[in-house]
Structure formats: C-alpha cells, structure tokens
Amino acid sequence: NAGVTQTPKFRVLKTGQSMTLLCAQDMNHEYMYWYRQDPGMGLRLIHYSVGEGTTAKGEVPDGYNVSRLKKQNFLLGLESAAPSQTSVYFCASSWTGSNQPQHFGDGTRLSIL
Amino acid sequence: AQSVAQPEDQVNVAEGNPLTVKCTYSVSGNPYLFWYVQYPNRGLQFLLKYITGDNLVKGSYGFEAEFNKSQTSFHLKKPSALVSDSALYFCAVSSLTGRRALTFGSGTRLQVQP
C-alpha cells in the first residue's frame, strides 16, 4: 500500500522551461490537492480537485495548471518556470474535504535557476 | 477568510517534561481543526483532529489537543516529551461554511533536548 506517491523527487529547471509533476494515490480518495511549502510560510494551496474531471483554484494558483483525468492521478504543470516557483511541492488526498484528514506524499523539491 | 496562527517559531523542552505547541484560528462557522507533524524530507503526517464533541482530543504517539471555542485555540500537548518528538508541527483549519480546503499555520519547530 503505497499511499500517495510523487514523481519526481527532485528537479532543477531553467527559467522558462516547463514541466509536469505527477501525483498518484491508491486509496480511492475523491479529493486531491497540490500545495507548496516555503520557509516560514507553512503550506499554501495551489489547486485542488473534488473528483475526477474537476479542478479548482486555491490560494496561489498563478503560473500553475492542473488536470485530473483519472481519479487516482493529479498532475501539476508549470508552463514557464520562474525562480519564484522554487519550492517544495506536496500532493495530498482525502476521502472528502473539510473534516477528513489528508494523506501526503513525500514532496518534490524543485529549483528554478 | 480563514486563518491559523502559530505564534512560536520554535519550542524547546527537555525530555520528560510536558510540551505545548500553540495554535489559534479564525474561521466562519464551526471549525474543523487538525494537527500534522513533519519529519525532515518527508510529507506531513496526521496526528489528530477536532470535528465536534469532547473538547479534549487524543491522537497518535501520545499527543492530545484541547479545543477552546471562546479563545479560538487548539493547542497541542503531550505530558512527557521524547527526543523523537523533535519535528515541525502544523496546525490547520477548515469548515463547511468557509473554504473547504485546509488552511495551515506557518509551523512550529519542536526541539526536545536529552
């Protein structure tokens, strides 16, 4: 039982490059989330999904896009990477929102040069 | 808008002593409150939650938290700290009437000295 798996674990990009971060969960959860973690700022929600085929914006959505074509996968895309997007990205999933605990992956460390 | 404040960047405590990590929140409607722990180079792990009912909530690894509605607080406690409790702790809030997704505090680093 893997839980929430994020790939890749590390990546270095140059400004202007694009990439996709993959999140996969094997718990049949309905809700999935992408967060970024920056020192002293906790976790901030980028985008989330309440079910297959649906996505919604979080606190800091600019510069990111997401897709949830399959229930178990949630993709986060950076169209044109900027140094301000250097961060640790976490994916999470839960049965529903609000009152259910979220299960987190181990993160993707992304550096934009 | 919902928000969480963790007023202490770091808490230091000696092994065997009780520990408290503070959290206050602001949300419209009834709050759902959570504590998570993060070890180095790992994702967040769920410790405990308050949804409704008893104000004292017990969770994993001997941790508990007390919900205080009048003070809008949800402090994390443990009667006897272990060196292995040293980690980063996050408080989070959500609600049905506010934004359904979690809002996290900035985190508190707990250092337990042997």
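Owing to the predicted nature of the structure, the values given are computational and were not obtained by experimental measurement.
- Phe104(A) and Leu110(A) fall into different hydrophobic clusters, where Ile, Leu, Val, Met, Phe, Trp and Tyr residues are linked whenever their side-chain heavy atoms come under 4.5 Å apart, directly or through other members.
- Between Gly40(A) and Ser106(B), the shortest heavy-atom contact is O-CB, 3.5 Å.
- In terms of hydrophobic clustering, with Ile, Leu, Val, Met, Phe, Trp and Tyr side chains grouped at heavy-atom distances under 4.5 Å, Leu45(A) and Phe74(A) are assigned to different clusters.
- In this structure, Leu44(B) and Tyr35(A) have side chains that are not in contact, with every pair of non-hydrogen atoms separated by 4.5 Å or more.
- Taking hydrophobic clusters as Ile, Leu, Val, Met, Phe, Trp and Tyr residues chained together by side-chain heavy-atom distances below 4.5 Å, Val60(A) shares a cluster with Leu78(A).
- Under the 4.5 Å side-chain heavy-atom criterion for Ile, Leu, Val, Met, Phe, Trp and Tyr, Leu33(B) and Leu56(B) are members of distinct hydrophobic clusters.
- For the options Gln37(A), His103(A), Met41(A), heavy-atom pairs under 4.5 Å to chain B are most numerous at Gln37(A).
- Nearest heavy-atom pair across Phe90(A) and Gln38(B) is CZ-NE2, 3.3 Å.
- When atom types are taken as modelled, the side chain of Lys49(B) and the backbone of Asn99(A) share a donor-acceptor pair closer than 3.5 angstrom.
- Atoms CG and CD, from Leu102(B) and Gln100(A) in turn, are 11.0 Å apart once rounded to the nearest 0.5 Å.
- Contacts between Leu88(B) and chain A at a heavy-atom distance below 4.5 Å involve the side chain alone, from C-beta outward.
- For the pair Arg109(A)/Asn41(B), a side-chain contact is recorded, criterion being any heavy-atom separation below 4.5 Å from C-beta on.
- Residues Gly42(A) and Phe90(B) approach most closely at CA-CE2, 3.6 Å, considering heavy atoms.
- Looking at Tyr50(B), neither its backbone nor its side chain comes within 4.5 Å of chain A, counting heavy atoms on both sides.
- Put simply, Tyr64(A) and Leu43(A) are part of two different groups of oily side chains (I, L, V, M, F, W, Y) that touch within less than 4.5 Å, one to the next.
- Although no hydrogens or angles enter the test, the distance criterion places no donor-acceptor pair under 3.5 Å between the side chain of Asp106(A) and the main chain of Arg42(B).
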